Structure formats: C-alpha cells, structure tokens
Visitor: 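Can you keep this structure in mind? I'll have questions shortly.
Both counts, for ligands and for their atoms, begin at 1 and track the order of listing. Because the structure is predicted, anything quoted here is derived from the model rather than measured.
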Amino acid sequence: MTSSSDAISNEQDAAKRNLWLHFTRMSSYADSEVPVIVRGSGAYVYDQHGKRYLDGLAGLFVSQVGHGRTDIAEAGARQAAELAYFPLWSYAHPKAIELAARLADLAPGPLNRVFFTSSGSEAVESAWKLAKQYFKLTGQPGRYKVLSRTIAYHGTSMGALAITGLADIKHPFEPLPPGGIRVPNTNFYRAPDFVAGDEAEFGRWAADEIERAILREGPESVAAVFLEPVQNSGGCFPPPPGYFQRVREICDRYGVLLVSDEVICAFGRLGYYFGSQRYEYQPDIITFAKGLTSGYAPLGGMLVSDALIEPFTTGTATFLHGITFAGHPVSAAVALANLDIFEKEDLLGNVRANEAAFRATLEKLYDLPIVGDIRGEGFFYGIELVKEKTTKETFNDEESERLLRGFLTPAIFEAGLYCRADDRGDPVVQLAPPLISGQKEFDAIYEILHGVLSEASSLL
Ligand SMILES: Cc1ncc(COP(=O)(O)O)c(C=O)c1O
C-alpha cells in the first residue's frame, strides 16, 4: 500500500466512524466509500482519487461563481487578518455596513434593511419571528400563522421546519411550533384536472387557494405567506403567469406579509439578483443565503421593507433576536468580493443569454420514455421521471427506492456528474450548475444523463 492510499484509507475510516453526514442514511456507506471531495476549479470538483466531476448542483445551489476563486479567498483572508470577528449585537463593522447598503441597492422597492443570519434556516426563522413581533407591536397580536406550499423546503430548525411542507422530515420532530398551514404548490404537470389545460387559470386557482386558506384560518390569525419564486423541492415549479401578482393582491387585502424565500432563487440562479425581480412582484421580506457568498463562507439574512422596520425604529422597541455568527466580517467581505465578480463577469447576463440553450439541451432528454417533465427557469431545472409517459404514472415506494437510491444517484456520480436524484415529492433529477456554465457544461450534463437515464429505463 502506498502512503497516499494509506492516507485515503485512514480518511475513509474516520469519515465512517466520526463524521455524521446530513440527511444521509449512514448505513448506505457500510460497504462502499464515502465520496470525499477535496478541491474545486470552475464548474468542476475533484475527489480524493483525483477524479473530476461536473458540479451540476453548484454544491447545494450555492457555488454561483464556481470553485477555486482566489480573489474571493484573498478578500476573506484580508478581513480575517484585520478583524476576524465582532458581533452585530449593538455594534457594527464596516463590511456588514457596506454589504447591507449594497444589498439594499440591489433589492426591489422599499426593501432597505438587512438583518443578517448565518444560514437559510435562520433567515426563514428570523422572518417568522419578525412577523410575529411586528404584529404584536402594531396591535394585531393574534397574527402568528404562516402559509406555505406543499412539498416546499424552507429549512430544518423547528420554526423553519414548521413552514416546510415535507411531511416525512417533520414527523420525527412533532409537535412543531403551531401555525404552519399548507396551500397547493404550482406543479402544473400535476395540476388538478379542472385547471389542467390552462396555466394562467391554474395559477389563479393556486393563488385563490391562499385566499381560501386565509379565510378558513381567520385573517386576524395569519401573519405571513412564505413562497419561493421557483419552488425547489418537488423539482422546480415556476410560478404560472400572474400568480405572484394575485398573491400580492390577496396578501394586501388581508394584511398578510408576503415573504419571498429566495435562499436558492436570489443571486443569479434565475438571471436576476432576486427572483422576485424576474416575476415582478414586491415582497415585504426576502430571505436569502447560499449564493450571496458562493459558499466561500456561510452567510444568510433577510431584507425587510421600510414599513416593517418602522415600529422598531422609535421608542424602546427591539427585535428580540440575534445570532452570534450572523453577518460575520469574513463572510461579509467574501460576499462583497463575490458580488464584485457578478458585476465584472456579468453573471446575470450569462444566465439570461444561456438559459434558452440550457433548456433546449435538457429538452433533448424527452426522447427517453422515463422523462416525464422538464421544468425550471434560469440555471435551475428539475427533470421528473415517470414510469409511464402518457399516463404520467409515477413509481411506487419500492421502485423509487431501487431506481433513485439504488441506481440513479450512484450511477450519475460514477459517470462524472454531481447532481441530485430526489424523491421527496415525485422522483426528480435536480440541476443547478454554477452561473459561469455554458454550452460545454450543458452538453456534458446531457450526455451523462442520457446514458444513465437510458439504462434506468431499461431496468424498469
Ligand atoms: C428555499 C429554502 N429555504 C431555506 C433553506 C434552508 O437553508 P439552510 O440549509 O442554509 O439552513 C433552504 C435550503 O436549501 C432552501 O432551499
């Protein structure tokens, strides 16, 4: 055994013995290697054996500018040397100030105040807490409920989990904080028959379901609606035309806050700084994380409208909430360097110029019997797999387990593509490459998926 294979073997042992992987069935690595990713460059990452993979999911919808950008790394190192840490509890530091001002400039309308967090779950949690305290301060203390869509993922902390619409990941932690109410999502492929033919009509129905839920719960008890611009979980559900405009009207009618959860959709994923800008609606709060730093350091937060901050700007009122590492100086410096690259390299322009080509390349997969629906926008796509294309019949649990966990996920990775086969709703392959990607990367994604999905079709 060479010394480097010794090192790899020791690392494998420690990975299996000491490290706890998130949302991972640890037993699945009992007889196989834990994949260990050691470095990245551009749209590619490399494992401990030196094998290269196309990063088809930007890590986890994070690595917008791609891997290995030394300019961002250096900005973080400079900040760590100058001021590694100071809290945002009653004190400020220059990079958090500069970043807050820059985000306020980029954000739509009167979203001018930034409350930083360290993650997306904390951003969602903070938005719910803000909504509750805001209503208590403004004489509507009964408003605490939150509406969100079926199968939507909004994070894992207890509050965020109560907003999340995935029953399986909630059950072990019940009872969750009360007040999480579900409304239909915008999966047009699986629209109910009575609105299946017309996307705009489907959108009206889905938005009106929000109004019905508000009326059913009692408007005086509803604080906020949490919606992603394009829902990720379930495999990329873009909003039907007019959907968000109608939701905005409904929220205004009943005094309910509209929270745009843009943890994935902000910072270029849809070709705009914020997803709400693409679909032209004005949220009261935007939650963000992931792409703000392209993953070079952790950072999240919420952008809050002038109206919402107003009760906190006079007298003794304080938003009674804080997080030690929120707005960390190194993360803020990294975010600023990341946004500089967005500007210098016109990454939003790259997404807008290439999104049609990405879609067209993926749509060539429709020749496979297993590919039921390809949906998404920008550099954000889901491919729904079906057992039978004409009837849209989906897989049962055993088939899903065998096909997705047993075959697809390892086969795609083995073929050199990192992405995700997900069965939290109907089975989908999720794609979200770094925003620096172009036709070369789209073709590589297509080639690998075509090969693996053809084989999957033959296994059915
Ligand atoms: C829409 C949305 N909200 C919240 C979260 C939670 O973010 P985090 O994993 O950073 O806590 C995610 C994570 O994927 C997300 O996609």
Visitor: Of the options Thr186, Leu147, Asn185, Leu258, which is the one that meets Leu227 in a side chain to side chain contact (heavy atoms under 4.5 Å, CB included)?
Guide: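 Single side chain to side chain contact (heavy atoms under 4.5 Å, CB included) partner of Leu227 among Thr186, Leu147, Asn185, Leu258: Leu258.
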Visitor: Which protein N or O atoms sit under 3.5 Å from any N or O of ligand 1? Give atom names and distances.
Guide:
residue, atom, partner, partner atom, Å
ligand 1, 3 (N), Asp261, OD1, 3.4
ligand 1, 3 (N), Asp261, OD2, 2.8
ligand 1, 7 (O), Ser121, N, 3.3
ligand 1, 10 (O), Gly120, N, 2.8
ligand 1, 11 (O), Ser121, N, 2.7
ligand 1, 11 (O), Ser121, OG, 2.6
ligand 1, 14 (O), Lys290, NZ, 3.0

Visitor: Salt bridge or not for Glu199 and Arg375, using N-O below 4.0 Å?
Guide: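 Looking at Glu199 and Arg375, the cut-off is not met.
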Visitor: Output yes when Glu228 and Arg269 qualify as a salt bridge under the 4.0 Å nitrogen-oxygen rule, no when they do not.
Guide: no
Visitor: Is the distance from the ring center of Tyr281 to that of Phe274 below 6.0 Å?
Guide: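 Ring centres of Phe274 and Tyr281 not closer than 6.0 Å.
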Visitor: Salt-bridged, Glu125 to Lys129, with N to O below 4.0 Å?
Guide: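 Judged by the 4.0 Å cut-off on N to carboxylate O distance, Glu125 and Lys129 do not form a salt bridge.
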Visitor: Here's one to test your reading of the geometry: is the NZ or CZ of Arg143 within 45 degrees of the ring axis of Phe135 and under 6.0 Å from its centre?
Guide: yes
